[in-house]
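Quick notes on the structure that follows.
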Amino acid sequence: TEAEISTTFLGDRAFDKEPESPEEKIQLFLKLFRCRSDVFPRYWENNRSGKKGYSPVCSNEWKKGVCFKPKVKCSVCSNQSFLPFDAVSVRNHLMGKIAMGSYAIDQQDRCVFLAADFDKSTWREDIHAYTSAAAELNIQVSTEISKSGNGAHAWIFFREHVPAKKARRLGEIILSRAMESQNTLNLDSYDRFFPNQDLLPSGGFGNLIALPLQKRYRNKGFCIFLDENSNIIPNQWEYLSQLHCLTENELETLLYETDVQEYRLDAADEMTVAESVLRDTSYKPEDTYTGTVSLTIKGQIAIPLGEIPSI
């Protein structure tokens, strides 16, 4: 099928088969996109004021004498009664009754996905570079066009909750490789990662990301997944079921191997510099220094700069 996934990617399949029933589709959606089960944000718009945004869904919202928004933040309210991120809320999202988001980091500073946000005119080229850099590490990245249609999210999924710090480190590695492949210091359309923090901020929920496949946006061709040519994948659920979700062990191995490789490259660069200095015969005899220089040998060699004469 067009949505067939290469077996070269690391990780386990998201689902053991293509989901057919609504219940199976909801189960797959929860597995991929639910980081916190106790709360989720919902998109809202105020036609009178023109304001819009996301707020955690609470059964006490705007109840007189109970809800004191905006004076009291939802995250610290003593009367909070959040609705869970469950099958009911997902069903409403997929049917277009609400538009859900997902808080990208939980109370234990963990996440189940890492999403990179690209939101400028060059998002297609930049996200291709990011996806290709990930593929070189055998990591699958899924591209979802945003609800505005003017950008996209690049998703990496994990089989279980993993430390947000490690997930973000993986994203930084991929981003760095993508920039090297583009021969540029930055990918202009890249905005941020979800989660955007290594640790959950005190008194808050952390950043949130709008979730895909909401019916109203889906019908407009937005909030759906694209293939490598930026075309809409015909069978979204088949595609999602075949995604490869990294295990925590695989994540740890990737980070370790990258750190070792970077250490070796740094050491090789330092040795190249040292050898070039030793081979340099351009100095003149009168430039030779005949004094004493102290060396301190520990993990590295330290030379006091004050003892080195200027030439």
Side chains of Tyr239 and Ser142: is there a donor and an acceptor less than 3.5 Å apart?
yes

Quick one: list whatever passes ring pair (Phe, Tyr, Trp, His ring centres under 6.0 Å) with Phe118, sequence neighbours left out.
Tyr130, Tyr190

What's the separation between atom CG in Asp86 and atom OG in Ser37, rounded to the nearest 0.5 Å?
9.0 Å

Separation of Cys35 SG from Tyr103 OH (nearest 0.5 Å)
12.0 Å

Heavy-atom distance under 4.5 Å between the side chains of Ile98 and Val57, does that happen here?
no

Roughly how far, to the nearest 0.5 Å, is the CG atom of Leu83 from the OG atom of Ser89?
8.0 Å

Among side-chain atoms of Gln140 and His244, is any donor-acceptor pair under 3.5 angstrom?
no

Working note: Phe15 + Gln27, criterion side chain to side chain contact (heavy atoms under 4.5 Å, CB included); need CA distance, chi angles, decisive distance, verdict.
CA-CA 9 Å; Phe15 219 59; Gln27 184 181 352; 3.9 Å; yes

Under 3.5 Å side-chain donor-acceptor pair for Ser189 and Asp126
yes

Glu238 and Lys17 ion-paired at < 4.0 Å:
no

Would you say the side chain of Phe205 lies within less than 4.5 Å of the side chain of Pro41, judging by non-hydrogen atoms?
no

Near Glu20 CD, under 6.0 Å, is it more than 12 heavy atoms from other residues, nucleotides or ligands?
no

Compute whether any side-chain donor of one residue and acceptor of the other, for Thr247 and Glu250, lie under 3.5 angstrom apart.
yes

For residues Lys220 and Arg216, report the shortest heavy-atom separation together with the two atoms involved.
CG-O, 3.6 Å

Distance (rounded to the nearest 0.5 Å) between Leu211 CG and Arg42 CZ:
14.0 Å

Please step through side-chain hydrogen bond (donor to acceptor under 3.5 Å, both in side chains) for the pair Asp109 and Gln197, ending with a clear verdict.
CA-CA 9 Å; Asp109 306 316; Gln197 307 94 352; over 6 Å; no

Show, in sequence, the C-alpha distance, side-chain angles and deciding distance for Ser176 and Glu180, and conclude whether the side chain to side chain contact (heavy atoms under 4.5 Å, CB included) test is met.
CA-CA 6 Å; Ser176 177; Glu180 289 176 4; 3.9 Å; yes

Check for a donor-acceptor pair, side chain of Arg218 on one end and backbone N or O of Cys223 on the other, with a separation under 3.5 Å.
no

Under 4.0 Å between a Lys/Arg side-chain N and an Asp/Glu carboxylate O for Arg169 and Asp259?
yes

Using side-chain heavy atoms (C-beta onward) and a distance below 4.5 Å, is Leu226 in contact with Asn231?
no

Between Phe157 and Trp155, is the gap from one ring center to the other below 6.0 Å?
yes

dist Leu255:CG -> Lys165:NZ (nearest 0.5 Å) comes out at 11.0 Å

Looking at Gly151 and Ser148, what are the two nearest heavy atoms and their distance?
N-OG, 4.3 Å

To the nearest 0.5 Å, atom OG1 of Thr253 lies from atom CD of Glu248 at 10.5 Å

Using only atom types and a distance under 3.5 Å, with no angle test, would you say the side chain of Ser49 pairs donor to acceptor with the backbone of Lys51?
yes

Hydrophobic cluster identity match, Leu114 and Leu200, side-chain contacts under 4.5 Å:
no

Are Asp198 and Arg168 within salt-bridge range, i.e. N to O under 4.0 Å?
yes

Taking the side chain as every heavy atom from C-beta outward, state whether Ser132 and Val141 have any atom pair closer than 4.5 Å.
no

Worked verdict on Asn219 versus Tyr217 for side chain to side chain contact (heavy atoms under 4.5 Å, CB included):
CA-CA 5 Å; Asn219 289 342; Tyr217 298 114; over 6 Å; no

Walk me through whether Leu94 and Lys215 qualify under side chain to side chain contact (heavy atoms under 4.5 Å, CB included).
CA-CA 5 Å; Leu94 297 176; Lys215 185 176 181 179; over 6 Å; no

Closest non-hydrogen atom pair, Ala115 against Ile209:
CB-CD1, 3.6 Å

Indicate yes or no: at least one non-hydrogen side-chain atom of Gln214 is less than 4.5 angstrom from one of Met100.
no

Can you hop from Phe225 to Ile232 via hydrophobic side chains spaced under 4.5 Å?
yes

Sub-4.5 Å side-chain heavy-atom contact between Cys245 and Phe158:
no

Write down the atom of Lys52, the atom of Tyr43, and the distance for their closest heavy-atom approach.
CD-OH, 3.1 Å

Minimal heavy-atom distance between Val39 and Phe82, with the atoms involved, is CG2-CG, 3.6 Å

What closest approach, in Å, do Glu160 and Leu246 show between heavy atoms, and which atom pair accounts for it?
OE2-O, 4.2 Å

Tyr54-Phe40 aromatic ring centre distance below 6.0 Å:
no

List the steps and the verdict of side-chain hydrogen bond (donor to acceptor under 3.5 Å, both in side chains) for His153 and Glu144.
CA-CA 5 Å; His153 298 137; Glu144 173 232 349; 3.0 Å; yes

Sequence-distant partners of Asp106, side chain to side chain donor-acceptor pair (under 3.5 Å), two or more places apart:
Arg110

Can you confirm whether Gln108 sits close enough to His161 that some side-chain heavy atom of one is under 4.5 Å from a side-chain heavy atom of the other?
no

Would you say Pro212 and Phe33 make side-chain contact, with heavy atoms under 4.5 Å?
yes

Same apolar cluster: Ile156 and Ile105, side chain cutoff 4.5 Å
no

